[in-house]
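Since this is a predicted model, take the numbers as computed values, not measurements. The figures here come from the full heavy-atom set of this structure, side chains too, leaving out hydrogens, waters and symmetry mates.
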Amino acid sequence: MHFGYMVFYYAFTFAPLIILVIFSFNDSARVGLPFKAFTLKWYAEVLSDPTILSAIANSLLVGAVVTLLSTPGGTAAAFVLVRHQSFVGRKAFNTLVLIPMVIPPVIVGISLLTFFHAIGLELSLVTVILAHTLIALPFSLLVMVARLIGFDRSLEEAAMDLGADELTTFLKVTLPLIFPGLLAAAILAFTISFGEVAVAFFTIGYQPTLPVYIFGQVRLPTRLPVLTAVSALALSFSALLVVASEITRRIREKK
Amino acid sequence: MRDKFLQFFRRKVQLRIFSGLSFSLSWFLLFLIVPTAVIFLYSFWRQEYISIIPQFTIDNYAQFLANPIHIPLFLRSLVISAAVTMGSIGLAYPAAYFLAFRVRKYKIPLLLALMGPFWTSYLLIVYAWKIILGYDGILNSLLLNLRLVEQPADLLLYSPFAVIITLIHIWSPWLVFPLYASLEKMDKSLLEAAMDLGATPTQAFLRVTLPLTWPGLVVAVLFVFIPTVGEFVTPALVGGPQGYMYGNLIENYFHLGFNWPLGSSLAFIMLAVVMVMTLLLLRAVGPDKVMESL
């Protein structure tokens, strides 16, 4: 029985994504059956469409900056949470971490839109970066908490006993040890930002990120084949990132 | 002397704690708490044409009650979210259960594979469902080619059903992880004990396994039900008029309808409802437990 259920469950989970990829190669102006012929022309169209390319560039830029902000920020907080089991406000801080993860994105979106408007900050990729850092931060933090729980502090103590100061210990002992974890947290933060649409939709200016662009174009039937191709590209990119993240985990385990 | 040293040391620890948390804390305060306070304030103001008049009024909240579409839409969103939550748990629980207890080969690759959809942009998943379920979509073209239908069926897309199935698809792989973690941690001798004492497998499941996986289930409710109540992207793509949700209403007041104070009050009402739910759930399990089971 369990075998049948697992087959059903994995088929349900992956079929839509596989279908999306298959039909991105269909030589038809309509995304559907019959599957006429294999073509790469929708991909060629993606590569020659300057609006899609700039949307991709915007997403990469936003994702990169968000990663650079949320990874160190989340890591610093994770160190505190793992190494100081009790301090005033720990519970309140934990709750604060969970809020952005569960709150409906529409609320984050409209409140940031209103807030940016109230302080006179014009909407642009900068406001999307500010918003996405809020969303990615709890995830980076939790990944680092999970990685730091198993951290062997005796290595740090040994370095300190041998005369290294805090900074040297951190750079020469702690950082190399937590590096795979940092990489995993960074990849997750990037992925979250790269795929996020709901909050970006409210905080974006005139330059769309890729998901916001797709969301805006999806009502136009003539655009569907190209959007399917660019979606398949984005999917493969995420799949690559999962594999990369998994490799960093393996590296850590070997050590 | 010793006291002074201790005092200094304590201060230094607090300083270390504070500096470690400072980035996250300031980000959460500045971009989460303050903006929420701002929309709370706006929800008591009113809008005339394109200017917002900072004059206290509870008119927006009165409109929530008076407008005949607001409350039904809110209720519909709650019903859709409940269906999505139950559907995702219903699909993910057996998968997590089998992975924890039955599957022996390829356990880790199977678990890791489920991270795929979780890492995928959720817009892309909605988009995939749109091209599958659409009027001109793959399912309809299949039915037409097989001559099962004469005309493209419009049942599947643009309905609450399409919203529910899409959201279940998005959330259920996500849930396998916390559920698997709590099942895996479970002390299996408890099950043997229950069986020895004459419990049927169903009884053992209901009275031993299910209560022990309670934190995982709370995570499910917290992370699926609550964000889904405010969903607007999925209904916009696959929902149609019948699948239109409360989140679309709020979105509409901020864009086309252009009434920020009213939109803010609607958002705040939803926020209040989900906040009360979250606090009750967190009180039942504790934030530390929830974070552990993530």
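For the atom pair B:F23 CZ and A:T75 OG1, the distance stands at 10.5 Å (nearest 0.5 Å). Rounding to the nearest 0.5 angstrom, the gap separating the CD1 atom in A:I107 from the OG1 atom in B:T36 is 8.0 Å. For the atom pair CZ of A:R90 and CD1 of B:I17, the computed distance is 9.5 Å after rounding to the nearest 0.5 Å. From B:F254, atom CZ reaches atom NE2 of A:H117 across 10.5 Å, with rounding to the nearest 0.5 Å. Rounded to the nearest 0.5 Å, atoms NZ (B:K130) and OG1 (A:T228) are 10.5 Å apart. Here B:I125 contributes atom CD1 and A:S231 contributes atom OG; the two are 11.5 Å apart, rounded to the nearest 0.5 Å.
Of the two parts of B:L237, only the side chain, counted from C-beta on, holds a non-hydrogen atom closer than 4.5 Å to a non-hydrogen atom of chain A. Looking at B:V224, neither its backbone nor its side chain comes within 4.5 Å of chain A, counting heavy atoms on both sides. When heavy atoms are compared at a cutoff of 4.5 Å, B:A92 approaches chain A by way of both its backbone and its side chain. Contact of A:L69 with chain B is made through backbone and side chain together, with heavy-atom distances under 4.5 Å. Neither the backbone nor the side chain of A:R83 comes within less than 4.5 Å of any heavy atom in chain B. Residue B:L30 touches chain A through both its backbone and its side chain, counting heavy-atom pairs closer than 4.5 Å. Residue contact with chain A, scored on non-hydrogen atoms closer than 4.5 Å, involves the backbone and the side chain of B:I226 alike. Interface residue A:V197: only side-chain heavy atoms are found under 4.5 Å from chain B. Residue B:V229: no heavy atom, backbone or side chain, is found under 4.5 Å from chain A. A:I192 does not touch chain B: none of its heavy atoms, backbone or side chain, sits under 4.5 Å away. Looking at A:Y9, only its side chain comes within 4.5 Å of chain B, counting heavy atoms on both sides. Contact annotation for A:A198: both backbone and side-chain heavy atoms come within less than 4.5 Å of a heavy atom of chain B. Interface remark: A:F237 contributes no atoms to any contact with chain B (heavy atom separation under 4.5 Å). For B:W27, the parts lying near chain A are the backbone and the side chain together; criterion is any non-hydrogen pair under 4.5 Å. Both the backbone and the side chain of A:L227 come within contact range of chain B, with heavy atoms under 4.5 Å apart. Residue contact with chain A, scored on non-hydrogen atoms closer than 4.5 Å, is absent for B:S22. For A:I187, the parts sitting under 4.5 Å from any heavy atom of chain B are the backbone and the side chain alike. Looking at A:Y10, only its side chain comes within 4.5 Å of chain B, counting heavy atoms on both sides. Both the backbone and the side chain of B:F28 have a heavy atom closer than 4.5 Å to some heavy atom of chain A. Of the atoms belonging to A:F79, not a single heavy atom falls under 4.5 Å from chain B.
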* Asked: After noting the C-alpha distance and the side-chain angles of A:F202 and B:H255, does the key distance pass the side-chain contact (heavy atoms from CB on, under 4.5 Å) rule?
  -> CA-CA 9 Å; A:F202 288 102; B:H255 288 139; 3.6 Å; yes
* Go through the steps for A:L96 and B:I33 under the test side-chain contact (heavy atoms from CB on, under 4.5 Å), then give the verdict. => CA-CA 9 Å; A:L96 213 50; B:I33 304 301; 3.8 Å; yes
* To do: Under the side-chain contact (heavy atoms from CB on, under 4.5 Å) rule, what do A:V97 and B:S24 come out as? Steps first, then yes or no, please.
  => CA-CA 8 Å; A:V97 172; B:S24 304; over 6 Å; no
* Asked: What's the verdict on side-chain contact (heavy atoms from CB on, under 4.5 Å) for B:L222 and A:M101, showing C-alpha distance, side-chain angles and the deciding distance?
  -> CA-CA 9 Å; B:L222 211 60; A:M101 301 175 82; over 6 Å; no
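Heavy atoms only, all atoms of each residue included: A:V106 and B:G247 are closest at CG2-O, 4.0 Å. Annotation for A:T114 and B:W260: closest pair CA-CZ3, 3.9 Å, computed over non-hydrogen atoms. The shortest heavy-atom contact between B:I39 and A:S111 is CG2-CA, 3.5 Å. Between A:A234 and B:L124 the shortest heavy-atom distance is CB-CD1, 3.6 Å. Of all heavy-atom pairs between A:P105 and B:P227, the closest is CD-O, 4.2 Å. The minimum heavy-atom distance linking B:G20 with A:V80 is given by the pair CA-CG2, 3.6 Å.
The choice from B:I168, B:L114, B:V274, B:T228 that makes the most heavy-atom pairs within less than 4.5 Å of chain A is B:L114. The choice from B:A113, B:S264, B:S19 that makes the most heavy-atom pairs within less than 4.5 Å of chain A is B:A113. With respect to chain A, the highest number of heavy-atom pairs below 4.5 Å among B:V38, B:V34, B:L21 belongs to B:L21.
In this structure, B:Y127 contributes its side chain and A:I214 its backbone to no donor-acceptor pair below 3.5 Å.
Few gaps surround CZ on B:F258; more than 12 heavy atoms of other groups in view lie less than 6.0 Å from it.
A heavy-atom distance below 4.5 Å is found between the side chains of A:P16 and B:H169.
Ring centroids of A:F201 and B:F232 are separated by less than 6.0 Å, placing the two rings close together.
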